[in-house]
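By convention here, the first residue in the shown sequence is residue 1.
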Amino acid sequence: MSTSADPLAALAALPGVAESVNAVRKAVDRVYGHRVMRRRSNEVTSEAALRGARGSAALAGADWALEEVRRRTDFGAEGEPRTVGAALRLTAEAGQLLSIWRQSPLRVLARLHLVAAGGAEGDEGVGRPRQSGEPVDEPLIGSDLPLPDADEVAGRLDGLARLLLTGSEAPALVTAAVVHGELLALRPFVSRNGLVARAAERIVLVGSGLDPKSICPAEVGYAELGIAPYMAALEGYASGTPEGMAVWIAHCGRAVELGVRESTAVCEALQRGAA
């Protein structure tokens, strides 16, 4: 990442990033201008939350059909049901943490992991960054992506928090992509890092004002694009090269655009009385 006074703004100046930012802004403006949003935005928000949770769970290995997510209630069972339950809990929790995020991003990340893990404070490895020697259970992130040690994790988390608290002139998409990419690259917790990273990205997109009603679920887009392109773009982020960072930001932008398309379809269905 750039060492300039505003490294996020420096990323926004990379070739191709401005195009992604502009495309996302136009897409978001279009869905917010839909006539259904005037009276039924709460319904669109609820549906976007459900679909976003489904998409995030799919990227974590629980690729259920949307109707199955609606129907099932056994989210405490081991395996895929617990993953889907974690994604649903995170989606519900993220909207409650915006004010805390602005004051203490690390506190919010700890809370998100606690919620995702379904544990209690003090449980082994839950709600705190991993310690030296602790393994990470994140099977869908390949071994080709180096796992930073606990000391590096602690230092980079502190750096990320300082960056967020200092503020930036960078567009929301760039900040959200960096938060998402950094958490995936670091895998700071012993499990559920992908779910936490995507929830943190959602908090940035909502809190920045880009998507204040949380109707543009990027998680839908990531799932639609697929795990292989997701991981390839993440490797670009982890490389730290300008080209790799630009590829990751563009991937995140495309995911938001696909989330917008999903919510536009929801608006159209509500308008027809079909949802």
Side-chain angles (χ1 to χ4, degrees), residues 8 11-12 17 19-32 44-60 63 66 69 86-88 90-95 97-98 101 108-109 112 116 140-141 170-185 192-234 236-237 245-267:
L8 294 176
L11 292 178
V17 171
E19 289 82 350
S20 295
V21 168
N22 289 337
V24 166
R25 179 75 268 174
K26 289 177 182 177
V28 172
D29 286 347
R30 282 196 300 272
V31 72
Y32 270 84
V44 181
T45 295
S46 295
E47 190 64 20
L50 182 69
R51 296 180 185 217
R54 191 218 73 82
S56 192
L59 289 167
D63 192 1
L66 184 62
V69 178
L88 290 167
L90 282 172
T91 299
E93 186 77 9
L97 297 173
L98 290 173
W101 177 266
V108 169
L109 293 177
L112 290 174
L140 294 186
I141 296 183
L173 172 65
V174 173
T175 302
V178 167
V179 168
H180 184 172
E182 190 72 355
L183 293 175
L184 278 181
R192 307 292 192 196
N193 291 284
L195 293 173
V196 169
R198 291 183 287 276
E201 180 187 60
R202 169 107 320 266
I203 289 173
V204 174
L205 292 173
V206 173
S208 68
L210 177 65
D211 181 20
K213 295 183 183 293
S214 194
I215 61 166
C216 306
E219 304 92 334
V220 169
Y222 293 123
E224 183 173 336
L225 291 167
I227 187 67
Y230 185 65
M231 289 308 306
L234 176 61
Y237 177 88
M245 299 291 281
V247 165
W248 171 250
I249 294 167
H251 190 77
C252 294
R254 182 58 182 151
V256 175
E257 289 184 74
L258 290 171
V260 167
R261 188 179 71 179
E262 186 86 355
S263 286
T264 300
V266 170
C267 288

Evaluation steps, side-chain contact (heavy atoms from CB on, under 4.5 Å), between V247 and H251: CA-CA 6 Å; V247 165; H251 190 77; 5.5 Å; no

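- In this structure, the side chain of R198 does not engage the main chain of E219 through any donor-acceptor pair within 3.5 Å.
- Within the 4.5 Å cutoff, the side chain of P217 has heavy atoms near those of the S263 side chain.
- Here the CD1 atom belonging to I203 is positioned 9.0 Å from the CG atom belonging to L90, to the nearest 0.5 angstrom.
- One finds the CG atom of L112 at 5.5 Å from the CG atom of L97 (value rounded to the nearest 0.5 Å).
- To the nearest 0.5 angstrom, L183 atom CG is 12.0 Å from L195 atom CG.
- In this pair, W248 and Y230 present their aromatic rings tilted. The plane angle is within the 30 to 60° band.
- Looking at heavy atoms from C-beta onward, V21 lies in side-chain contact with V174 at the 4.5 angstrom threshold.
- Among all heavy-atom pairs drawn from L140 and L59, the shortest one is CD1-O, 2.9 Å.
- Put simply, the side chain of S208 gets close to the backbone of L205: a donor and an acceptor are under 3.5 Å apart.
- Nearest heavy-atom pair, I249 versus A177, reported as atom, atom and distance to 0.1 Å: CG1-CB, 4.0 Å.
- Contact of the L88 side chain with the V69 side chain is registered, since non-hydrogen atoms from C-beta on lie closer than 4.5 Å.
- Between A218 and A255, the closest heavy-atom pair is O-CB, 3.5 Å.
- Between the CD atom in E201 and the OG1 atom in T175 there is a gap of 11.0 Å [rounded to 0.5 Å].
- Using a 4.5 Å heavy-atom cutoff, the side chains of L109 and V196 are in contact.
- The heavy-atom pair separating A197 from L184 by the smallest distance is CB-CG, 4.0 Å.
- Between the side chain of S56 and the backbone N or O of A87, no donor-acceptor pair lies under 3.5 Å.
- Under the 4.5 Å side-chain criterion, counting only non-hydrogen atoms from C-beta, Y222 is in contact with C252.
- With a 4.5 Å cut-off on side-chain heavy atoms, D63 and R54 count as touching.
- Taking each heavy atom of C216 and V31 in turn, the nearest pair found is SG-CG1, 4.1 Å.
- Scanning both residues, A223 and A58, for their nearest heavy atoms gives CB-CB, 4.3 Å.
- Side-chain atoms of R25 and L210, non-hydrogen and from C-beta on, do get closer than 4.5 Å to each other.
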Derivation and outcome, side-chain contact (heavy atoms from CB on, under 4.5 Å), residues V220 and L258: CA-CA 7 Å; V220 169; L258 290 171; 5.6 Å; no

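- Counting heavy atoms from C-beta on, the side chains of H180 and Y237 never come closer than 4.5 Å.
- With respect to R51 and E262, a salt bridge is recorded, a charged nitrogen being found less than 4.0 Å from a carboxylate O.
- For the atom pair CZ of R202 and CD of E93, the computed distance is 15.5 Å after rounding to the nearest 0.5 Å.
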